[in-house]
Each structure stands twice: as structure tokens, then as C-alpha cells.
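I have placed the structure first, in the form of C-alpha cells, so that the comments after it can refer back to it.
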Amino acid sequence: MTSKHFTLILLALMGMGAASASAAPKAEADTINAQWQRTILAAVDSFPHLGGYYTGGKPNALFATTTWQGLHAAFQMGKADAKPRFCPAKAQPSFCSSATYAALVKALIMWDKDGQIGTEAWRNMKPYVGIADELNPDSIGQNDGEGFWGRANANGPSIGVLVHELKAGFSHTAFRGAKSERNKETPDEQYLTDDQWRAHPVWAHAVKGDFMKIFWDRNESRGRDNGAIVGCNDVKGDDQEAGHSVIFMGYTPDGKVTYWSSNGPGKNPENMGYSIATCDKTDIQRVVFTRITHPERFDAVKHMHPKHVNQYLYDLNGKKHSTTAELKAQCGIKE
């Protein structure tokens, strides 16, 4: 069996369909870790439906607990435990990056049946959210870019940067281009037509179970070029990132993107949260797909102590925007 045929069979088994499989690029032997892809999808299936969408820092009339409190309750590990348990039912309410972080941790626990990820790595994967317990007696919290949770929760290509740091997989990306002159990185930068963007080869590379960072295109619907922006610089008048952290779930028969995450906000956030959603490719202005191929390398999180900073992700929270070249370099993406 050739490597091409092996890749096509894996894609077919994962529900991509013959048409999508035939468009997939040639791959090295470990480009798709089918066991991991099945595991991350099984982890997604373990989460409740909805449960509320909430980004606030305090309980309110709709939510008795915050997302941070829910994550703390869901990640269960004491000093005597070799690895944690993660209870998705407790991780409510939620928001998009809490959902993808939680699904990643749940999948790693499900995958690691023979202890390839050590205890110190598991402890560092804990969401340190300012609540005291055995592992966090000083009640420390984590800003964007700090520790494991702080990386997963950051602006920009958070999961892509994290996976690249750990050498646990790879990412690929595409950018439709800036529409406004003020956001163009070069004078000749083109904003692709709808047909050009829908035909971009990046879409053929995605496999169900990949992590996906969406940068929303709001040019036609709201007249905003936020999808061209990576990060937030807190400069009044500047466009800022409008993103969504999700797990790719395939395409509809008419080519729309399907994904799982905590989806919101909206008028009734108590009726939102963990769910499958669909959008047109033209609703997306920039995308980063990240695929884990070596989950065993998450053992290297033992070196990522709770306040260990990734400066790139840290700065995207209020200090600077990222260029496309910087995004690619931080995710290990080479042309």
C-alpha cells in the first residue's frame, strides 16, 4: 500500500468523503495520527450540550459560577494523584477557548493509557485561575500566554503556538487579505474574491478533529476589517482581532465549514455554549488549522510551569498586533 493510498483510507474512515480525500495533499507517514483524531472527537462527544456561554468574571443572575470556576471544578487532581480526571459536566458555563482547552485536556487524559505524560506535566496543564487548592495554595492566576492554560486561552493562534512549542504537531494557515488600506501589510496585498477564497487549497488540508482558529470576516456584514487583525493592541480607533477557537468537524455537502466549540455570545447566553455550528468560508478572513500528531510530546509541559511566559501570546493581549509573518514563525509554518 502506498503512503498516498494510506492517507486516502484514513481520510475516508474519518468521514471526509471521496471528493475531499482526493484533494488532500501528499503527506508524510505521521501527518495524520488516526488514533489521536478519533480520541479528540470522542472527547468532544463527552461534553454536555450547551450549558451557557459566559465570559464575565463574576457570577450573575444567569450564571451561578463563572467559566473559570467551572474549569477549576472540572480539572480534578490532588497532590497524591499521578494524573487528573476531567469532568466536562462541571465545565459550565464556557466560552470558545475554554472549550477547546477543555477538549484538549480531556482527549489527552483519554489517550494516555500507559503513562507517557508525566505527573508534573499534568499539574502544569491545570487551569490556574486564582482559586486556592492543593496544587495552587497561593491562588495564582494566569494571564494570556502564561503557562498551559494561559497559552490555550490567548488571542491569536494560541493552540498553534502551543503545539509548535511542544513539537507535538503542525499548523497551516491562509489569509484572504485585508480589505482596508490601513490594514494591508504590503501595498500589493489583495483581498481575494469569494470564489478565490472558497477555492483556496487550505480548506482541502483540514481533517475532522483539527484545532481551528477562525478570524471572522465582517467586511460585508458590518463593514469592519477585524479579520485582518491578529491580537489586540488596545489602541483606540484601531481594528482589533475578532476570533473564535474551535475544533473542525468537516464540511456540509455544499461546502460550508462545520465546527464544535462553545458558541456565543447572543441575546440568550444561558441557551448557548457547547454546540456544533456552521459558517460559509467567506465568513472567515484568516484561518489557522492545527493538527496534533505526537500527543506523547505533551509530557514536555513539565517544563512549562504556571507562570512561564510565551512573550508572543502575552503581547497579543493589549500590547501589539501580529504580522502574518510573525504568526507563521510562531506556529512553525513554512512556505
Side-chain angles (χ1 to χ4, degrees), residues 3-49 88 96-97 99-111 152 157-160 162-163 168-174 197-215 243-263 274-281 283-284 286-295 298 331 333:
S3 61
K4 179 179 179 181
H5 290 155
F6 180 65
T7 300
L8 294 179
I9 289 171
L10 280 174
L11 289 169
L13 287 172
M14 298 183 68
M16 293 296 290
S20 295
S22 63
K26 292 182 179 179
E28 299 296 332
D30 69 344
T31 296
I32 300 173
N33 182 330
Q35 179 188 14
W36 169 258
Q37 299 292 126
R38 288 192 298 268
T39 303
I40 185 63
L41 294 174
V44 167
D45 285 344
S46 74
F47 279 74
H49 183 57
C96 68
S97 52
T100 49
Y101 158 83
L104 173 58
V105 169
K106 180 66 174 179
L108 288 168
I109 293 170
M110 294 168 64
W111 173 85
S158 53
I159 299 292
L162 174 61
V163 168
F170 65 94
S171 296
H172 50 279
T173 189
W197 184 233
R198 289 192 180 107
H200 196 288
V202 73
W203 307 111
H205 293 215
V207 172
K208 189 175 180 180
D210 288 351
F211 288 83
M212 180 184 187
K213 178 61 184 278
I214 292 171
F215 297 80
H244 198 26
S245 181
V246 309
I247 294 176
F248 175 71
M249 299 297 283
Y251 298 108
T252 63
D254 59 350
K256 289 184 170 59
V257 178
T258 302
Y259 56 87
W260 176 90
S261 185
S262 177
N263 295 306
Y274 300 122
S275 56
I276 300 286
T278 300
C279 71
D280 197 291
K281 291 169 185 172
D283 292 328
I284 300 170
R286 186 195 300 269
V287 65
V288 180
F289 288 105
T290 299
R291 185 173 311 154
I292 293 168
T293 53
H294 293 284
F298 277 78
C331 293
I333 299 170

CG-CZ distance between Leu41 and Phe248, expressed to the nearest 0.5 angstrom:
11.0 Å

Can you tell if the side chain of Pro295 reaches within under 4.5 Å of the side chain of Asn33, non-hydrogen atoms only?
yes

Evaluate side-chain contact (heavy atoms from CB on, under 4.5 Å) for Met212 paired with Thr290, printing each intermediate quantity in order.
CA-CA 6 Å; Met212 180 184 187; Thr290 299; over 6 Å; no

Which atoms form the tightest heavy-atom contact between Gly243 and Lys213, and what is the distance?
CA-CE, 3.8 Å

Decide side-chain contact (heavy atoms from CB on, under 4.5 Å) for Val246 and Phe211; before the verdict, give the C-alpha distance in whole Å, the side-chain angles of both, and the deciding distance to 0.1 Å.
CA-CA 6 Å; Val246 309; Phe211 288 83; over 6 Å; no

Which distance, rounded to the nearest 0.5 Å, do you find between the OG1 of Thr100 and the NE2 of His244?
9.0 Å

Under the rule for side-chain contact (heavy atoms from CB on, under 4.5 Å), what residues qualify as partners of Ser158, not counting sequence neighbours?
Ala154

Between SG of Cys96 and CD1 of Ile247, what distance do you get to the nearest 0.5 Å?
11.5 Å

Checking Arg291 against Val207 for the side-chain contact (heavy atoms from CB on, under 4.5 Å) test, could you report, in this order, the C-alpha distance in whole Å, the side-chain angles of both residues, the deciding distance, and whether it holds?
CA-CA 8 Å; Arg291 185 173 311 154; Val207 172; 3.3 Å; yes

Residues passing the side-chain contact (heavy atoms from CB on, under 4.5 Å) test with Thr278, sequence neighbours excluded, are Thr252, Lys256, Thr258

Does Phe47 have its ring centroid less than 6.0 Å away from the ring centroid of Trp260?
yes

Return yes if a side-chain donor-acceptor contact under 3.5 Å exists between Ser245 and Ser97, otherwise no.
no

Among residues two or more places apart or on two chains, list those pairs meeting salt bridge (Lys or Arg N to Asp or Glu O under 4.0 Å) that have a residue in residues 197-207.
Arg198-Asp280

How would you list, by chain and number, every residue that makes a side chain to side chain donor-acceptor pair (under 3.5 Å) with Thr39, sequence neighbours excluded?
none

So, do His205 and Phe289 sit near enough that their side-chain heavy atoms are less than 4.5 Å apart?
no

CA sep, side-chain torsions, deciding dist, call: Trp203, Trp197, side-chain contact (heavy atoms from CB on, under 4.5 Å)
CA-CA 9 Å; Trp203 307 111; Trp197 184 233; 3.6 Å; yes

Taking side-chain contact (heavy atoms from CB on, under 4.5 Å) as the definition, give me every residue that meets it alongside Ala277, ordered by chain and number, with sequence neighbours left out.
Tyr259, Asn263

If you round to the nearest 0.5 Å, how far is CD1 of Ile32 from CD1 of Ile292?
14.0 Å

Closest heavy-atom pair, Met110 versus Ala42, reported as atoms and distance to 0.1 Å, is CE-CB, 3.6 Å

Between Leu104 and Phe298, is any pair of side-chain heavy atoms under 4.5 Å apart?
yes

With Ala152, which residues qualify under side-chain contact (heavy atoms from CB on, under 4.5 Å), at least two apart?
Tyr101, Ile159

I'd like to check His172 versus Val202 (side-chain heavy atoms, cut-off strictly below 4.5 Å). Are they in contact?
yes

